[in-house]
Amino acid sequence: MSDSSDALGSQSCSSRLDSGFFEREVVDLARALIGCRLTREGVGGTIVETEAYREDDPACHAFRGQTPRNRSMFLEGGRIYVYRIHQSICVNLVCGPEGAGHAVLIRAIRPELGREEIAKRRGGRPEREWTNGPGKLCQALGITLADDGTCARTGPLRIEAGQAGACGSEPGAQIEAGPRVGISKAVDLPWRFRLL
DNA sequence: ACGATGATTGTCT
DNA sequence: GACAATCATCGTC
């Protein structure tokens with residue numbers, strides 16, 4: 001909490017991304033989201049790890065068609081898809097036009113805004129474990145199933161452009177692509193992206 | 001620090 | 001009844 005206040009008013013950079021940003025190839029969106037900022041009610045930080053899930057990919061929840069649980073995946077790009085897994089929940093950004101089933105799973109962020117609130121919600125664990133997993137970051141930001149189907153452009157859960165400018169990571173930032181984690185199908189697709 | 005393993009709840013077949 | 005886009009813990013190096 002020392003001196004992150006630059007001379008440039010950081011608020012001017014906190015523009016939400018428009019719907020066009022979310023209508024593209026889902027693998028490209030997953031990489032473009034690296035470096036963007038995810039916040040909910042003033043708590044959040046920079047996205048550092050994502051995974052792409054395309055509707056024709058066996059590991060994607062939409063692969064077998066629409067069900068009551070995954071219906072949000074078929075809304076228009078920019079919507080939020082939240083689902084529960086075991087005792088945790090995970091957050092995705094829906095991609096593409098309405099009717100498609102593409103989405104990007106947010107796997108990790110850097111805790112930057114509302115750090116005191118995050119520490120409380122994460123039970124006083126070491127900072128390294130605050131938001132370094134899909135379920136952990138949802139707990140840190142207070143994301144619940146009630147956020148499922150909401151819109152990232154108008155709702156409380158927001159996606160903002162990266163600090164460096166238009167969108168995505170800064171020029172020259174190194175992004176590593178690798179296989180996705182925790183799946184048992186299509187394990188060889190390098191659709192996981194991480195900021196180095 | 002890293003990798004394997006068990007826990008546990010809702011959803012779909 | 002089986003499975004899961006995970007997490008926390010325990011074991012070893």
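Lettering of chains follows the sequences in order, A, B, ..., and the numbering in each one begins at 1. The structure displayed is predicted, hence computed values, not measured ones.
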A:Arg122 vs C:dA8: side-chain N/O to OP1/OP2 distance below 4.0 Å: yes

Touch class at under 4.0 angstrom, heavy-atom based, for A:Glu51 against every strand present: nothing

Modelled atom types, side-chain donor and acceptor of A:Thr46 and A:Glu112, under 3.5 Å: yes

Minimum side-chain heavy-atom gap A:Thr50-A:Leu105 below 4.5 Å: no

Between C:dT6 (P) and A:Leu137 (CG): distance, integer Å: 12 Å

Protein-nucleotide distance (A:Ile106, atom CD1; C:dA5, atom C1'), rounded to Å: 12 Å

Interatomic distance, A:Gln87 CD vs C:dA5 P [rounded to whole Å]: 16 Å

pi-stack flag for A:Tyr83 and C:dA5, centroid dist under 5.5 Å, interplanar under 30°: no

Sugar-phosphate, base or nothing in reach of A:Arg107, heavy atoms under 4.0 Å: sugar-phosphate

Sugar-phosphate, base or nothing in reach of A:Arg54, heavy atoms under 4.0 Å: nothing

A:Arg128 side-chain proximity, nearest of C:dA5, C:dA4, B:dA1: B:dA1

Touch class at under 4.0 angstrom, heavy-atom based, for A:Ile183 against every strand present: sugar-phosphate

Paired nucleotide for B:dT8 [Watson-Crick or G-U wobble; both distances under 3.5 Å]: none

C:dA8 phosphate, OP1 or OP2, under 4.0 Å from A:Lys136 side-chain N/O: yes

Given C:dT6, B:dG10, C:dA5, the nucleotide with the shortest approach to the side chain of A:Cys60: C:dA5

Length of the line joining A:His102:NE2 and C:dA5:P, which is rounded to integer Å: 18 Å

Side-chain N or O of A:Ser88 closer than 4.0 Å to phosphate OP1/OP2 of C:dC7: no

Spacing between A:Asn92 atom CG and C:dA5 atom P, to the nearest angstrom: 11 Å

Rounded distance in Å - CD1 (A:Ile85) to P (B:dT9): 13 Å

A:Arg84 side-chain proximity, nearest of C:dA5, B:dG10, C:dC7: B:dG10

Pairwise 5' ranking along DNA chain B for A:Arg64 and A:His86, keeping only the more 5' one: A:His86

Test item: A:Ile159 and A:Arg37 side chains (from C-beta on) under 4.5 Å apart, heavy atoms: no

Side-chain donor or acceptor of A:Arg115 paired with backbone N/O of A:Pro111 under 3.5 Å: yes

A:Arg180 CZ - C:dA4 P separation (whole Å): 14 Å

Step-by-step ring pair (Phe, Tyr, Trp, His ring centres under 6.0 Å) determination, A:Tyr53 to A:His61: CA-CA 8 Å; A:Tyr53 287 90; A:His61 287 172; 7.2 Å; no

N/O (side chain, A:Ser184) to phosphate O (OP1/OP2, C:dC3) under 4.0 Å: no

For atom CZ of A:Arg71 and atom C1' of B:dT11, their distance in whole Å: 13 Å

A:Arg79: which of A:Val94, A:Thr150, A:Leu93 passes side chain to side chain contact (heavy atoms under 4.5 Å, CB included): A:Val94

